[in-house]
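See structure below.
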Amino acid sequence: MTELPAEAAQVVAGCHVGSDAMRRSAEVAGNGAVLARYAADYPAGPHDQPQSMCPAFGSLRVGLRMRRTATVLSGSACCVYGLTFVSHFYGAKRSVAYVPFSSETLVTGKLFEDIRDAVEDLADPALYDAVVVTNLCVPTASGVPLRLLPKAINGVRIIGIDVPGFGVPTHAEAKDILSGAMLAYARGEAEQGPVQAPRGGPASRPTITLLGEMFPADPMGIGAMLDPLGLAVGPVVPVGEWRQLYAALDCAAVAAIHPFYTASLREFAAAGRTAVGSAPVGRDGTAAWLAAIGEACGIAAAKVATAQNRFLPLIGEALAKAPIRGRITLSGYEGSELIVARVLVESGADVAYVGTACPRTPWSEDDRAWLEARGVPVKFRASLEDDLAAVDALAPDLAIGTTPVVQHAKQKAIPALYFTNLISARPLMGPAGAGSLAQVINAALANKARFETMRAFFEGPAEGEGGR
Ligand code: SF4
């Protein structure tokens, strides 16, 4: 058994020792390289730790949405309880396996053996393509060495990842950790020899892989816009099943629709694929994106112009039919905040602030530059305090944000919308995306009087710990 170094053993008391102690412990316990890679991939500052969901929720959700994929968590029972509760709240229909530990099994290294036994029990090729094992905070800080798990058991791939709250700033970036690990594995398989074809057979045209979870209609809309270029839409990463990883890597170019997939993009670069940032949102965004895709894939300028001439007028018409009038602050942790802001600006909204919990990357540069050129301030790694301060200072007609931002705004009688539930659940790309936000946003903007009435009614009794 691999015993834990004494310093690392101190953290078995629990995650309340603080993130610095957890980080130091992880380094002593041999996990320094993983943390150094995360620090480079997911640069911190000013916001450097999750202020919302446990980051492991991101990778957990990615695994739970994949066919024939088993999920195992290793961490404190309270963390696992919270994560499984939230995953089932959000509709997961799959069990999450859990390997419990005590301070003794953690310190003596028996926990690693228990994980290995659990993985061996689970690895049935009739049921699974892959088993994903995730170290949460305490096992990561204690250096439980998932890298020493077998790479495959009975042909079932074993993927071990560390997703600690003290090294991964957002749950968005945890999606990248798992996607990147799976792409690396699949790339290795593809380099060894033939791999499984996609369910519908190989694509008849060169494809564009889409990076980032999006509304289900958006890939279809993007496919229609790629058609005049002689291209087709490929898989969306995070993928729905293992075999899609090969098709994703086998693309003509990869579109970093969400710009924080740093580890995944490293795998695409290693496979020789060009990446394109931003997204086909609004008139300007779609024009630039089609041009960038055309350039990345060596498509004749005339074909790009055909696509632009076909779709840009449709987008312009849709935007003109559904104008948005009002001052809006927008914040979130999905990674799509900048492209949503672009659609709002093209719809006529006065977007006064954009905050994203995700970091600045090369793939968000075009969106940042476009927004800032129109006077829209963009704050990367925005903290909750930044987002609340924007609502207070800018007095918007509508605040779009995370739960605490929405709550704060509503207390001030400012209409507010949840980013995740209401904005991410709509098409955003091309003609279908233009104007799709207007309905929900204009309805919310029209609610100001109701919020005033509600504030007058509720003010006082429900405030503070004991009311008044
Ligand atoms: S794994 Fe870490 S970040 Fe997640 S709930 Fe537990 S202590 Fe918090």
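All values below were derived from every heavy atom in this structure, side-chain atoms included, with hydrogens, water molecules and symmetry-related copies excluded. Values in this document were obtained by computation on a predicted structure and should not be read as measured data. Whatever order the structure lists ligands and atoms in, that order sets their numbers, starting from 1.
Contact annotation: C137 places an N, O or S atom under 2.8 Å from atom 2 (Fe) of ligand 1. Among the atoms of C79, an N, O or S atom falls under 2.8 Å from atom 6 (Fe) of ligand 1.
If you look at Y128 and W242, their ring centroids are not closer than 6.0 Å. Side-chain rings of Y333 and F419 stay apart, their centers remaining 6.0 Å or farther from each other.
Here atom 1 (S) of ligand 1 lies nearest to L136 when heavy atoms of L83, N135, V86, L136 are compared.
Heavy-atom contacts from other residues, nucleotides or ligands closer than 6.0 Å to CD of E372 number more than 12. Applying the 6.0 Å contact sphere to CD of E104 captures no more than 12 heavy atoms from other residues, nucleotides or ligands.
Counting the atoms of ligand 1 from 1 in the order shown, those under 4.0 Å from a heavy atom of C54 are 1 (S), 3 (S), 4 (Fe), 5 (S).
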